[in-house]
Colleague: 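So that we are looking at the same thing, I have put the structure below in structure tokens.
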Amino acid sequence: MAGEAVIRIRGLRNQFGRQVVHDGLDLDVLRGEVLGVVGGSGSGKSVLMLTILGLNRPSAGAVELLGVDVLRGDAEARAAAQTRCGVLFQDGALFSSLTVTENVQAPMREHLRLPAPLMDELAALKIAMVGLPPDAGPKYPGELSGGMRKRAGLARALSLDPEVVFLDEPTAGLDPIGAAGFDELIRDLQRSLGLTVVMVTHDLDSLAAICDRIAVLVDKKVRVGTMADHMRDRHPWIQEYFHGPRARAAFAAADMASGEGS
Amino acid sequence: MEDGPGWIRQAEADGRLVVSAGGAWTVAGAAALEQAVAALAPGPAGQVRFDLSALERVDTAGVFLLRAAARRYEETGADVALEGIAAQMRPLFELVAGNEGREPPEAPRSNPLTAVVERLGRSTVAGVRELTALVGFVGEVTLTAARISWRPRRFRIVSLTNQIERAGLNAIPIILLMTFLIGIVIAYQGAVQLRRLGFEILTIDMLAITMLRELGVLLTAIMIAGRSGSAFTAEIGTMKVNEEIAAMQALGLDPVEILVLPRIIALVIALPILTVFADVIGLLGGAAMAVVSMDMNTTQFMVRLGEAATLPHFIVGLVKAPAFAVIIGVVGCYEGLRVSGGADSVGVMTTRAVVLSIFLVIVADAVFSIMFAAMGV
């Protein structure tokens with residue numbers, strides 16, 4: 001894994017009225033890693049993601065995405081950096097007036113000039129890659145189940161073959177089998193496409209199964225480390241998070257899986 | 001890091017065809033790369049070697065196009081081998097190979113003529129169904145209203161006052177402005193035409209009768225249909241999308257009682273009051289125009305207006321207001337509850353609610369006219 005940082009955050013401060021969400025937050029996301037972001041409700045996980053994407057202006061600090069200054073860089077460079085990122089919002093956030101195929105093609109139409117047959121074939125390829133059946137393409141988002149909408153959202157996020165993919169609670173609302181399948185899909189695609197993945201999640205199974213490092217948002221800052229690092233952390237919230245009964249069950253399952261694999 | 005643009009060329013070596021590709025094969029250059037692939041000239045059958053060792057960067061679109069190029073040679077019967085793929089690109093080639101060529105099933109094509117007939121049939125059936133469902137909804141609302149009147153303490157008084165404020169009080173400025181302007185227009189147009197006949201004074205009769213009997217209430221109803229009927233549909237429809245309606249029903253709360261009835265009753269109260277405002281300001285607008293453009297002083301105008309604007313005319317207009325209010329409220333809430341799916345459905349239903357309620361208001365107005373004519377008022 002190369003040590004190059006694709007996202008570099010320094011001294012980030014986010015404040016809404018009198019409520020300070022982030023203060024002096026530093027974070028590096030390295031190329032090719034899967035970074036899980038966890039934190040209690042209101043700790044600013046979504047705000048952090050929106051800030052990196054340039055959708056939220058922080059009170060102070062510097063954010064660099066793929067070598068571009070998100071806050072002060074010129075608009076063209078920022079737009080170029082954004083097209084190299086894909087985002088999967090919670091519950092897909094698909095455009096409800098477009099079919100799945102049109103949703104996947106929407107970024108291509110906006111940013112590139114491709115012939116229609118090629119776009120159709122590329123969209124079909126992306127739809128297949130995320131494990132949707134071919135007949136999902138002409139359907140509208142309203143006709144899909146929650147799990148299929150997430151997969152369709154992922155296909156749209158991958159439309160332009162991004163380098164960095166942001167996932168907001170990708171497994172929330174899925175049944176355990178569906179969630180495990182989605183984890184596996186993310187892992188496979190991350191390896192095949194060489195993606196860098198930033199994943200906001202509360203699914204301890206996902207954290208244990210596919211995240212290389214975990215960023216924990218506590219005390220308005222972020223603590224980054226592997227699962228083992230966090231297990232040793234003395235911070236009370238982190239202790240409770242990684243040593244609770246649910247965490248133990250998830251890690252036991254992950255240990256068993258890796259034991260069988262080797 | 002900037003990679004060179006993608007390229008592909010074929011050459012012959014030792015009697016074998018070698019196609020080499022390099023540079024960046026990414027979606028950004030896909031249009032040009034597709035043309036380059038299409039320009040390749042597949043030779044006679046034999047062995048073809050693809051040398052991909054010069055590839056600097058590929059993504060799924062690039063791999064897809066490279067494989068499409070390989071397929072062109074295969075179609076001529078050649079034996080194609082992809083070689084020189086860098087180790088880190090292999091998983092991508094495998095991923096694309098495993099997922100490509102799955103065309104979505106073709107939608108069944110139908111004869112355009114039968115399709116027109118089919119659409120006509122479908123929309124007719126849907127229209128009839130909608131009308132019967134609307135009648136059913138009116139029944140439901142009536143039953144709920146009857147139930148509530150037995151136990152008036154269940155009625156949501158706070159919701160009612162809130163709705164009256166939004167649909168009634170907040171609408172006053174626009175209603176006043178609109179009817180004042182219409183009053184001016186009628187007085188001016190009437191005066192110009194009637195002057196030629198020498199009956200300029202009858203302008204005041206015309207103004208009073210059209211304003212009080214028809215335009216005051218009709219314009220107010222149309223404005224409220226666009227303003228409040230659409231808001232009802234959008235509010236209730238958005239709640240439907242957010243599953244708030246389902247949550248209400250699951251908690252044993254009746255959406256008709258909580259959402260629909262206060263809105264309809266608020267309109268039934270607000271629309272007649274707005275109509276009175278509209279009537280008065282409409283006459284005022286006409287009076288202003290008459291005094292300015294006709295040789296008539298204010299006293300003369302007032303005397304003539306007092307003779308023309310009789311109570312029956314005023315009552316005939318006002319009686320229609322509650323009926324129009326019920327139409328607008330019922331249609332707005334009904335279309336809101338019919339929202340299904342996502343945001344686009346809210347838009348479709350809102351449009352339909354406004355169009356349908358204005359249409360039904362005008363139909364009702366025609367029915368009233370016939371009725372009053374038969375009654376001789």
Side-chain angles (χ1 to χ4, degrees), chain A residues 4 32 66-67 80 83-84 91-101 107-108 111-144 149 155 158-163 188-195, chain B residues 1-2 24-38 57-69 71 86-108 237-238 240-243 339-348:
Chain A
E4 183 201 354
L66 294 162
T83 63
R84 288 159 71 192
D91 204 34
L94 295 165
F95 305 127
S96 57
S97 56
L98 303 179
T99 64
V100 171
T101 301
M108 300 181 199
H111 297 292
L112 302 171
R113 197 162 291 183
L114 299 182
L118 180 61
M119 283 208 294
D120 286 341
E121 284 173 302
L122 289 179
L125 177 65
K126 295 281 148 69
I127 288 166
M129 264 165 48
V130 297
L132 285 173
D135 62 1
K139 285 190 179 152
Y140 285 90
E143 301 170 86
L144 300 179
R149 272 206 296 277
L158 296 175
S159 173
L160 294 177
D161 276 87
E163 294 164 48
D188 285 350
L189 290 175
Q190 187 265 334
R191 286 195 179 132
S192 315
L193 302 172
L195 299 172
Chain B
M1 44 167 198
E2 276 301 305
W25 280 66
T26 59
V27 69
L33 290 170
E34 192 191 32
Q35 281 178 359
V37 167
R57 211 150 66 86
V58 282
D59 64 8
T60 48
V63 172
F64 176 82
L65 288 170
L66 284 170
R67 292 180 53 85
R71 261 198 306 280
Q88 77 271 17
M89 295 176 186
R90 270 181 202 287
L92 189 61
F93 276 82
E94 282 159 22
L95 179 75
V96 174
N99 286 306
E100 72 181 356
R102 295 201 307 166
E103 290 294 311
E106 285 269 319
T238 309
K240 187 91 187 285
V241 171
N242 290 339
E243 297 191 310
V339 164
S340 62
D344 57 335
S345 174
V346 177
V348 169

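Here is the naming used below: chain letters follow the sequence lines, and residue numbers restart at 1 for every chain.
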Colleague: So, taking the atom named CZ in B:Phe64 and the one named CG in A:Leu118, what distance separates them when rounded to the nearest 0.5 Å?
Modeller: 6.5 Å
Colleague: For the interface with chain B, which of A:Gly142, A:Ser159, A:Pro115 has the highest count of heavy-atom pairs at distances below 4.5 Å?
Modeller: A:Pro115
Colleague: Please flag which part of B:Val58 lies under 4.5 Å from any non-hydrogen atom of chain A: side chain, backbone, both or neither.
Modeller: neither
Colleague: Do A:Lys139 and A:Thr99 come close enough that some side-chain heavy atom pair is under 4.5 Å?
Modeller: no
Colleague: Quick check on A:Leu189 against chain B: is it the side chain, the backbone, both or neither that has a heavy atom closer than 4.5 Å?
Modeller: side chain
Colleague: What residue in B:Ala61, B:Ala68, B:Ala32, B:Gly347 has the most heavy-atom pairs under 4.5 Å with chain A?
Modeller: B:Ala61
Colleague: Is any side-chain heavy atom of B:Thr26 less than 4.5 Å from a side-chain heavy atom of B:Arg57?
Modeller: yes
Colleague: Does A:Asp161 come within less than 4.0 Å of A:Lys126, counting only side-chain N to carboxylate O?
Modeller: yes
Colleague: Report the option among B:Asp344, B:Leu95, B:Thr60 that has the most heavy-atom pairs separated by less than 4.5 Å from atoms of chain A.
Modeller: B:Thr60
Colleague: Heavy-atom distance under 4.5 Å to chain B: side chain of A:Leu122, backbone, both or neither?
Modeller: side chain
Colleague: Within a strict 4.5 Å, meaning less than it, do heavy atoms of the B:Leu66 and B:Val96 side chains meet?
Modeller: no
